[in-house]
Protein chains: 4
Amino acid sequence: MGIQERKERERERRRQQIIVAAKRVFSKKGFNRATMEDIAQEAELSPGTLYLYFKNKDELYASLSLRILQYLNIRLDHVVKEEGLAPAERMQALKEAIYDVYQFDPLILINLFHLQSSETLENLSPELFDDIQNLTLRSLERITALFRSGIEGGLFETYNPEVLAELFWSLFSGMVLWEESKRIFENDNYFLKDTLDMAFGIFLRGIGRPEEGPFAASPHRLGVAVDPMPSK
Amino acid sequence: MGIQERKERERERRRQQIIVAAKRVFSKKGFNRATMEDIAQEAELSPGTLYLYFKNKDELYASLSLRILQYLNIRLDHVVKEEGLAPAERMQALKEAIYDVYQFDPLILINLFHLQSSETLENLSPELFDDIQNLTLRSLERITALFRSGIEGGLFETYNPEVLAELFWSLFSGMVLWEESKRIFENDNYFLKDTLDMAFGIFLRGIGRPEEGPFAASPHRLGVAVDPMPSK
Amino acid sequence: MGIQERKERERERRRQQIIVAAKRVFSKKGFNRATMEDIAQEAELSPGTLYLYFKNKDELYASLSLRILQYLNIRLDHVVKEEGLAPAERMQALKEAIYDVYQFDPLILINLFHLQSSETLENLSPELFDDIQNLTLRSLERITALFRSGIEGGLFETYNPEVLAELFWSLFSGMVLWEESKRIFENDNYFLKDTLDMAFGIFLRGIGRPEEGPFAASPHRLGVAVDPMPSK
Amino acid sequence: MGIQERKERERERRRQQIIVAAKRVFSKKGFNRATMEDIAQEAELSPGTLYLYFKNKDELYASLSLRILQYLNIRLDHVVKEEGLAPAERMQALKEAIYDVYQFDPLILINLFHLQSSETLENLSPELFDDIQNLTLRSLERITALFRSGIEGGLFETYNPEVLAELFWSLFSGMVLWEESKRIFENDNYFLKDTLDMAFGIFLRGIGRPEEGPFAASPHRLGVAVDPMPSK
DNA sequence: TATGAATGAGAGTTCATTCAT
DNA sequence: AATGAATGAACTCTCATTCAT
């Protein structure tokens, strides 16, 4: 079984080699214009070989997303499991985690957000679809856990923590995509970090409990109806 | 000149006919799987005719987005120009406007958000690219104006209103896309409205001035640094 | 019938207008890349109208050739029929005639030579095919007549005058086409005239009767100026 | 490296297979009417495969011409380099060489002459364009060398040998194209050989030095048989 | 007679995928 | 396991031609 294991390791390494090549190619050419031939060349392999490791082009592309989702999960895991953090510090850590994920590879993150809301997702093999779904939902659960502990710790109003996690995720993805839009429109690089800080601050303040804790916001005289626990 | 006008009208009607057909086809088949042949058939035209009205497939698709952007602009225009609205009411009207846009055609809206952050955008003809850019930026300006008047009216902290508009737009787009993700993952229709209400409430509360007005949030003891006017 | 005639004249004028436009377009774009749409635009007509005057694209193109053939015929006719010319002067006139035809429109002449040796010719309507055939053969006959009178006048050896005419025509067409080749290869304009003079001189000398007349091969009393080393 | 070589050989063989098929197809259907699909079928390959060997349709067609140019070059090379030939014999060998080229494949030769004076030539890839240019010019150089040695050997007047080569080439190409014209007009096969003999005789006589050698214009001691009245 | 929008067959070309080696 | 030549379906797009007005 030592042999078995080594083979398994080598197989995984080759997969990663292809993924890395694919990433480079699509950064250069964009997703649609990148061909399997291009990727094979970049990976110094033949086109046929790619199909030994990935069922088809869509699955290769989706695997890029999978990789960044895995990274996201690990980072979130750390934030949730790290001991001795005050709830407010945990929020800070959450922000840093997603920013790291963004920096890890913005293009792939954009690709993930596209994939997650496109027909392509539905046409993947059930296994890969499940992987993406599970990792996505697990990430959301972790973020949910963070917000739940914030609520339980008295930091936030008693919003539905699941919905808070979704809002948080939506805000993040929307900002990343808009960042790209601005790059295209203005041909002008922009740094997400400051805006992300600000957005996060507003968001936390928006959900903070009045008169208490670091994200306090009060007293409630909201002209807009906010039901903290909308029925799903 | 009556003839000229009639021709112009007929041309525009034909364009719309094609756009409507394209919309139907890509709703059925998804963007990538829809062929020009399909669209021609749906529009009861020949493939060649499509090219009399749209330069190529990408431009036809982008024109769908253009249409919803135009609708968005008109709606935002009304919100900005409607007289006799209190700032808080204007915010409410803003929310309703974007929700109407969402309901106008969710799929096309998703398509717009994809387009705005994809390489396809860069390969459009300069004219179409400019149209999309201008409408997008003009929409942002209108939202900016709303937030600015909110700030000037003492409702909100003195954040940079441009950045607030971008955050607002990001949150909206992120939620729309995540809505689609959930639909795919859970095969379960979900209604954006409630979550949008909640998100909007949180956002307004997050940027509201303390002790004052309907979006008050206070006192400030924020553990997370929030610079209301980040340098761009 | 005055009306009939006027109509006929107008029809012919419109045909010429189209032919002129076609000539301009194909000079700009080359034969294959020129479209009927292009020609219609250049002629300030609609595409449909072209088909009222020409059966199809091939026939329009062939009509250009027809026009230059007609011009050639008229010029040759003059040479043949002009009275009071010595045979040697007639040869000189022949040379000038074809050079004028060349200058009339080199591109169309090239097109004629292509057409005359291509499948397109065979697919023309019988009428147009006959027109081209007749004009071509009539031109050849005129040249034949010139050589025949040269032979009868004792200038030339008793070659078959028909074959001489064909050789003459071949030499001319070959030179015109090679001229174009050189232009493409060397991107360098070249003036056919000198070479044509030289070629004509050699040809006449090659067929001249010895010891007699202006084209006698030897001793050298060449009536036609032959510069053995034209400056390139 | 043995493998490398074998691959290279196989690749070349496949190229030739396609060229041969293309030749057959366009002989049957004419150049314009022949489709890539037709050629693929004739070669018993798939359409896609053609594009592994030729960049596009024009380049495939131009490659046919390239092949005949290569053959021409080899033949001319032999004529120039063959030792122990008297200048007059070399002229005879030149005539035989080009006649062989003609017989090798008249249709492709016609195609070459069309190509060499058409816009298509200018739109080839630089490599292929250069190949054709180089082979053409090298052929001309070889012919030039032959005429130069004829001049130096006292056979010919001191014409510019380069221009003589061009005239010779023009005469040849013009005759080949006119031959095709006659075939089309008269639906009657004609044999170029006799006319070519005659033309060559006239040409040599036209440039021959008087009173001397085998091409002396007079008195008649022509080394090259010239039948003044070839039977049609 | 003139229009010009519409046609639609068909072209060249691409490229994800396969499979004999 | 790796290759890479070959596949061939499917695509977008062109443009000569038609015909209702």
Side-chain angles (χ1 to χ4, degrees), chain A residues 7 10-11 14 18 32-41 43-61, chain B residues 3 6-7 10-11 14 18 32-41 43-61, chain C residues 7 10-11 14 18 32-41 43-61, chain D residues 3 6-7 10-11 14 18 32-41 43-61:
Chain A
K7 290 247 172 127
E10 281 174 0
R11 187 177 167 77
R14 188 49 64 96
I18 294 171
N32 294 322
R33 251 176 300 281
T35 69
M36 292 300 265
E37 178 86 33
D38 292 332
I39 295 167
Q41 236 160 36
E44 297 181 322
L45 292 168
S46 75
T49 305
L50 302 190
Y51 287 84
L52 296 176
Y53 294 89
F54 299 91
K55 213 177 122 195
N56 57 40
K57 197 187 173 189
D58 277 350
E59 303 237 331
L60 170 51
Y61 280 174
Chain B
I3 288 177
R6 198 203 61 209
K7 288 258 168 109
E10 279 173 3
R11 188 176 167 78
R14 188 47 64 95
I18 294 171
N32 293 321
R33 252 176 299 283
T35 71
M36 291 301 265
E37 177 86 33
D38 293 334
I39 295 168
Q41 238 158 36
E44 297 182 321
L45 292 169
S46 75
T49 304
L50 303 190
Y51 288 87
L52 294 177
Y53 294 89
F54 300 92
K55 219 178 117 194
N56 55 41
K57 196 185 171 189
D58 276 351
E59 303 236 331
L60 169 52
Y61 282 173
Chain C
K7 290 245 171 129
E10 279 173 1
R11 186 175 168 78
R14 188 49 63 97
I18 294 170
N32 293 322
R33 252 177 298 282
T35 69
M36 292 300 265
E37 177 87 33
D38 292 332
I39 295 167
Q41 236 159 36
E44 298 181 320
L45 292 169
S46 75
T49 305
L50 303 189
Y51 287 85
L52 296 175
Y53 294 88
F54 299 92
K55 213 178 122 196
N56 56 39
K57 196 186 173 188
D58 277 349
E59 303 238 333
L60 169 52
Y61 281 175
Chain D
I3 287 175
R6 197 203 59 208
K7 289 259 168 110
E10 278 173 3
R11 187 175 167 78
R14 187 48 64 96
I18 294 170
N32 294 322
R33 252 176 299 283
T35 71
M36 292 301 265
E37 177 85 32
D38 292 334
I39 295 167
Q41 238 158 36
E44 298 182 320
L45 290 169
S46 75
T49 304
L50 303 189
Y51 288 86
L52 293 177
Y53 295 88
F54 300 92
K55 217 177 118 195
N56 55 41
K57 197 185 173 190
D58 276 350
E59 303 236 331
L60 169 52
Y61 282 173

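None of the values given here were measured: they were computed from a predicted structure. What you see below is based on every heavy atom in this structure, not just the backbone, and it leaves out hydrogens, waters and symmetry mates. Residue numbers start from 1 in every chain, and the chains themselves are labelled A, B, ... in the order their sequence lines are given, proteins ahead of strands.
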Value in whole Å for how far the [atom2] atom of [N] lies from [atom1] of [X]:
X	N	atom1	atom2	result
A/R11	F/dA2	CZ	P	9 Å
A/L60	E/dA16	CG	C1'	12 Å
C/Q41	E/dG4	CD	C1'	12 Å
C/I18	E/dA2	CD1	C1'	11 Å
B/L50	E/dA6	CG	P	11 Å
B/R6	E/dG4	CZ	P	12 Å

### Query
Taking all non-hydrogen atoms of both residues, which atom of A/I39 and which atom of A/I18 are closest, and how far apart?
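That would be CG2-O, 4.3 Å.
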### Task
Taking all heavy atoms of D/S46 and all of D/A40, pick out the closest pair and write down the distance.
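Here D/S46 and D/A40 meet closest at C-CB, 3.8 Å.
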### Query
How would you list, by chain and number, every residue that makes a salt bridge (charged side-chain N to carboxylate O under 4.0 Å, His left out) with C/E44, sequence neighbours excluded?
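With sequence neighbours excluded, C/E44 shows a salt bridge (charged side-chain N to carboxylate O under 4.0 Å, His left out) to no residue whatsoever.
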### Message
The criterion is salt bridge (charged side-chain N to carboxylate O under 4.0 Å, His left out); which residues satisfy it with C/D58, sequence neighbours excluded?
### Response
none
### Message
Using the side chain to side chain donor-acceptor pair (under 3.5 Å) criterion, which residues pair with A/R33? Sequence neighbours excluded.
### Response
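For A/R33, the residues satisfying side chain to side chain donor-acceptor pair (under 3.5 Å) (neighbours in sequence not counted) are B/E119.
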### Task
Name all residues meeting the side chain to side chain donor-acceptor pair (under 3.5 Å) criterion together with C/R14; count only those two or more places apart in sequence or in a different chain, and write none if there are none.
C/Q17
### Task
Please confirm whether the backbone N or O of B/A34 pairs with a side-chain atom of B/K57, one donor and one acceptor, at under 3.5 Å?
yes
### Summary
Symbol by symbol from the 5' end, with Watson-Crick or G-U pairs under 3.5 Å, [ ] crossing and | another strand, DNA chain E is .||||||||||||||||||||
#### Entry: Side-chain N or O of D/S46 closer than 4.0 Å to phosphate OP1/OP2 of F/dG8
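So the side-chain polar atoms of D/S46 never come under 4.0 Å of the phosphate oxygens OP1 or OP2 of F/dG8.
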### Task
Taking the side chain as every heavy atom from C-beta outward, state whether B/R6 and B/E10 have any pair of such atoms under 4.5 Å apart.
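Yes; the side chains approach each other to less than 4.5 Å.
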### Task
Using side-chain contact (heavy atoms from CB on, under 4.5 Å) as the criterion, list what pairs up with D/E37, not counting sequence neighbours.
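In terms of side-chain contact (heavy atoms from CB on, under 4.5 Å), with neighbours along the sequence ignored, D/E37 is linked to D/T35, D/Q41, D/P47.
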### Query
What nucleotide, of F/dA6, F/dT3, E/dT3, holds the atom closest to the side chain of A/L52?
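Nearest to the side-chain atoms of A/L52, counting from C-beta on, is F/dT3.
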### Message
Checking contacts here: which listed nucleotide (F/dT7, F/dG4, E/dG4) is nearest the side-chain heavy atoms of D/L45?
### Response
F/dT7
#### Entry: Summary of protein contacts for nucleotides 11-21 of chain F, nucleotide by nucleotide, where a base hit scores B, a sugar-phosphate-only hit scores S (4.0 Å, heavy atoms)
SSBBSSBB---
### Query
For B/Y53, which contact category applies under a 4.0 Å heavy-atom criterion: base, sugar-phosphate, or nothing?
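Here B/Y53 touches the backbone only, sparing every base.
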